[in-house]
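Here's the structure, in structure tokens; my notes come after.
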Number of protein chains: 2
Amino acid sequence: MATLADVARRAGVSPATASRVINGSSKPVADELRERVLKAVAELRYVPNAHAQLLARPQRSVVGVLVHDVSDPYFAEVTRGLQRVATERGRLVIICNSYRDPDREVEYVDLLRAQQVAAIVLAGSGYHDPTVNALLDERLAAYAATGGRVAVIGRHRHRGDAVLPANEEGARLLGAELRRLGHRTVGVLAGPRSLTTTSDRIAGLGAGLGEPLPEARIRYADFTRDGGSRAAAELLDATPGLTAIVALNDSMAVGALNLLRARGVRVPAQVSVVGFDDMPIAADVTPALTTVRLPLAELGARAMTLALEPAAGRDRVESLPAELVRRDSLGPAPA
Amino acid sequence: MATLADVARRAGVSPATASRVINGSSKPVADELRERVLKAVAELRYVPNAHAQLLARPQRSVVGVLVHDVSDPYFAEVTRGLQRVATERGRLVIICNSYRDPDREVEYVDLLRAQQVAAIVLAGSGYHDPTVNALLDERLAAYAATGGRVAVIGRHRHRGDAVLPANEEGARLLGAELRRLGHRTVGVLAGPRSLTTTSDRIAGLGAGLGEPLPEARIRYADFTRDGGSRAAAELLDATPGLTAIVALNDSMAVGALNLLRARGVRVPAQVSVVGFDDMPIAADVTPALTTVRLPLAELGARAMTLALEPAAGRDRVESLPAELVRRDSLGPAPA
DNA sequence: ACCGATCAGGCAAGGGCTTTCCCGGCGGCG
DNA sequence: CGCCGCCGGGAAAGCCCTTGCCTGATCGGT
């Protein structure tokens with residue numbers, strides 16, 4: 001690997017001069033020397049060692065992003081927004097997947113700290129477990145204390161600027177719509193109990209329906225298609241007179257749709273199904289999914305924007321609205 | 001930010017000893033000193049500066065991954081495989097999105113080089129443009145020349161170990177199946193012309209059908225749902241007697257399906273539709289999509305494995321098979 | 001009781017880059 | 001004609017960490 005010294009030697013100048021040419025220092029360099037340096041750079045295919053640079057000039061230009069799983073469409077979309085802003089601002093992004101393991105999350109925070117990243121963006125639902133939260137908080141605090149910037153998406157209870165999707169409000173909208181259409185016996189396909197997203201959405205749904213949801217009508221499973229399918233089967237078997245199934249994300253809703261089709265249940269004539277998040281797939285299944293749109297990319301973009309701004313006096317909190325998207329999978333309750 | 005010197009001072013030892021305690025050197029340290037150091041580390045929330053570490057001990061532990069766009073399900077899946085192996089091996093992954101811009105790709109290679117990454121994995125279709133390829137190749141060569149490892153996924157014409165999806169073979173399978181079912185007037189929804197993936201799949205398809213595809217039956221567009229929808233509309237309008245549409249990826253196929261539904265064309269009774277890649281969505285649309293499964297996560301996993309192994313004498317090439325997945329969207333050609 | 005072997009700990013040399021400070025040479029001004 | 005100020009270039013310190021080498025001390029053997 002060619003070093004700056006190699007370049008300088010080849011160009012017949014000092015490393016100082018070479019450095020100044022290469023990263024356009026304010027200090028002027030004679031044209032001839034500049035030429036010679038650039039020539040040497042090209043010939044040696046020199047690329048400065050980023051670690052050495054960062055050590056010498058602690059100008060932090062990379063941002064760490066911590067998500068549950070990039071290949072999940074939810075995070076893919078959030079990440080898209082994050083990346084867009086980061087790219088506009090000339091920042092490199094390191095993406096880490098915690099795979100929903102809180103311990104791994106803490107590890108990654110330390111790892112990003114070690115990388116001297118300019119900011120850490122934490123995306124995705126938080127956990128209920130107070131031990132976990134305390135541990136994570138402590139690490140984030142240590143990071144923030146040394147000037148690191150922290151932004152969180154959809155996690156109310158952490159330090160740092162926060163961007164919140166209107167989980168509760170969106171679910172309320174959904175609940176109100178179900179009620180308007182006469183649904184009284186509603187079942188819920190919920191994500192893992194440990195996630196705050198799950199409980200927020202359940203709470204909002206109850207509020208919209210006008211009555212709290214009996215625990216017996218909630219089935220907890222993974223936020224996946226298969227999770228949705230299994231949970232829907234259980235719910236159906238256990239609940240006579242069920243007229244609507246609310247899946248707490250679209251993947252689960254798609255799983256439910258598949259199960260109902262396999263069982264020959266007509267949607268929405270016999271049972272309505274609604275989802276959450278408005279992933280691209282929601283529009284493409286049959287019947288097209290009624291769901292709640294969350295501006296995911298926008299969420300990411302806002303979070304990155306906050307993360308790249310200097311810290312405000314106190315933690316900022318922004319909330320982005322949810323919107324009901326009416327499609328075909330929700331109809332009036334059968335008589 | 002606390003430094004090693006701070007820790008050492010607080011523990012009343014030399015930085016050397018502190019360092020040895022912290023990263024478990026083989027050199028023994030007395031229990032009492034070790035305790036003191038660990039205590040200081042905890043109290044100061046010390047995390048070693050990764051850049052300084054990398055400078056001092058050039059043990060390269062991060063791997064760069066360059067994809068077109070992580071939020072595209074194709075790359076999401078490939079990335080999942082890459083990450084799995086990287087995590088198993090204790091490597092950190094930096095993901096960069098080129099957004100299909102070849103220039104940005106070159107930039108990112110340099111950036112990863114600057115980061116002293118242990119390996120670079122290039123995923124996604126290559127380009128036809130020889131200028132672009134030459135530039136990229138030159139940069140990769142410079143990297144490889146200094147001991148960097150390079151692995152590419154689905155790009156035949158680059159240096160470095162390669163893992164290739166059976167694009168051509170998969171398309172051939174598809175073509176043969178269409179032919180068997182009596183389809184003679186087949187249209188193609190192709191991705192961008194500049195990508196080798198597009199041409200490989202077209203070539204395979206022609207081979208399977210038993211006759212080369214007339215250019216008039218190919219429509220080039222983006223590898224997206226909307227691209228597929230638009231291209232399908234054009235194709236349908238321009239081709240009387242069309243009995244089957246081959247989309248060169250599943251997103252385009254879904255777009256086509258939507259368009260056909262909107263126009264009241266029955267699938268597969270009137271027109272068959274097939275996709276490519278077997279994305280998760282393929283099973284969830286109606287009718288479920290007949291498509292070609294590419295082991296995408298496996299592709300990523302193999303590429304990462306190769307990248308993390310020491311270089312072989314010459315570039316290795318592995319090919320992973322494609323498999324025809326029969327679902328409902330392909331039927332016999334109408335009489 | 002002495003010598004050599006063994007062991008734990010510290011010193012200091014990098015690793016590649018940036019940047020401050022300094023120096024020599026030039027031009028302009030008095 | 002002499003001095004000052006300015007300007008372009010280089011020497012060197014420092015960023016934070018690891019590790020080879022050395023030293024002082026302890027211990028065992030004779």
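Atoms considered below: every heavy atom in the structure, side chains included; atoms not considered: hydrogens, waters and symmetry mates. Letters A, B, ... are given to chains in the order of the sequence lines, protein chains preceding strands, and every chain is numbered from 1.
The base of dG10(D) lies close enough to the side chain of Arg20(A) for a donor and an acceptor atom to sit less than 3.5 Å apart.
No option in Phe223(B), Tyr99(B), Tyr108(B), Phe75(B) other than Phe75(B) meets the ring pair (Phe, Tyr, Trp, His ring centres under 6.0 Å) test with His68(B). Residue Leu122(B) forms a side-chain contact (heavy atoms from CB on, under 4.5 Å) with just one option from Leu136(B), Val65(B), Ile153(B), and that option is Leu136(B).
A salt bridge links Arg84(B) with Glu88(B); the closest basic N to acidic carboxylate O contact falls under 4.0 Å. Arg100(B) has a carboxylate O that lies under 4.0 Å from a charged side-chain N of Asp72(B), or vice versa, which qualifies the two as a salt bridge. A salt bridge between Glu298(A) and Arg302(A) is absent, with no side-chain N of the basic residue lying under 4.0 Å from a carboxylate O of the acidic one. By the 4.0 Å N-to-carboxylate-O rule, Glu107(A) lies too far from Arg104(A) to be salt-bridged with it.
Using a 4.0 Å heavy-atom criterion, one finds that Ala30(B) contacts the sugar-phosphate atoms exclusively. Within 4.0 Å (heavy atoms only), Thr3(A) reaches sugar-phosphate atoms of the nucleic acid but no base atom. Leu33(A) comes within 4.0 angstrom of the backbone, heavy atoms only, and of no base.
Rounded to the nearest 0.5 angstrom, Arg149(B) CZ and Ile120(B) CD1 are separated by 11.5 Å. With rounding to the nearest 0.5 angstrom, the CD1 atom of Ile95(A) is 10.5 Å from the CG atom of Leu66(A).
Each of Lys27(A) and Pro15(A) was assigned the nucleotide of DNA chain C with the nearest heavy atom; the assignment lying further toward the 5' end belongs to Pro15(A).
For Gln53(B) and dC16(D), the shortest distance from a side-chain N or O to OP1 or OP2 is not below 4.0 Å. The phosphate of dG9(D) has neither OP1 nor OP2 within less than 4.0 Å of any side-chain N or O from Thr17(A). The side chain of Asn49(B) places no N or O atom within less than 4.0 Å of a non-bridging phosphate oxygen (OP1 or OP2) of dC15(D).
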Show the distances under 3.5 angstrom between N or O atoms of the protein and N or O atoms of nucleotides 23-28 of chain D.
none

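Protein chain B contacts DNA chain C over a range whose 5' and 3' limits, counting nucleotides with an atom under 4.0 angstrom from a non-hydrogen atom, are dA8(C) to dG16(C).
Met1(B) has its CE atom 10 Å from the P atom of dC16(D), to the nearest Å.
Residues Met304(B) and Arg89(B) have side chains not in contact (no heavy-atom distance under 4.5 Å, counting atoms from C-beta outward).
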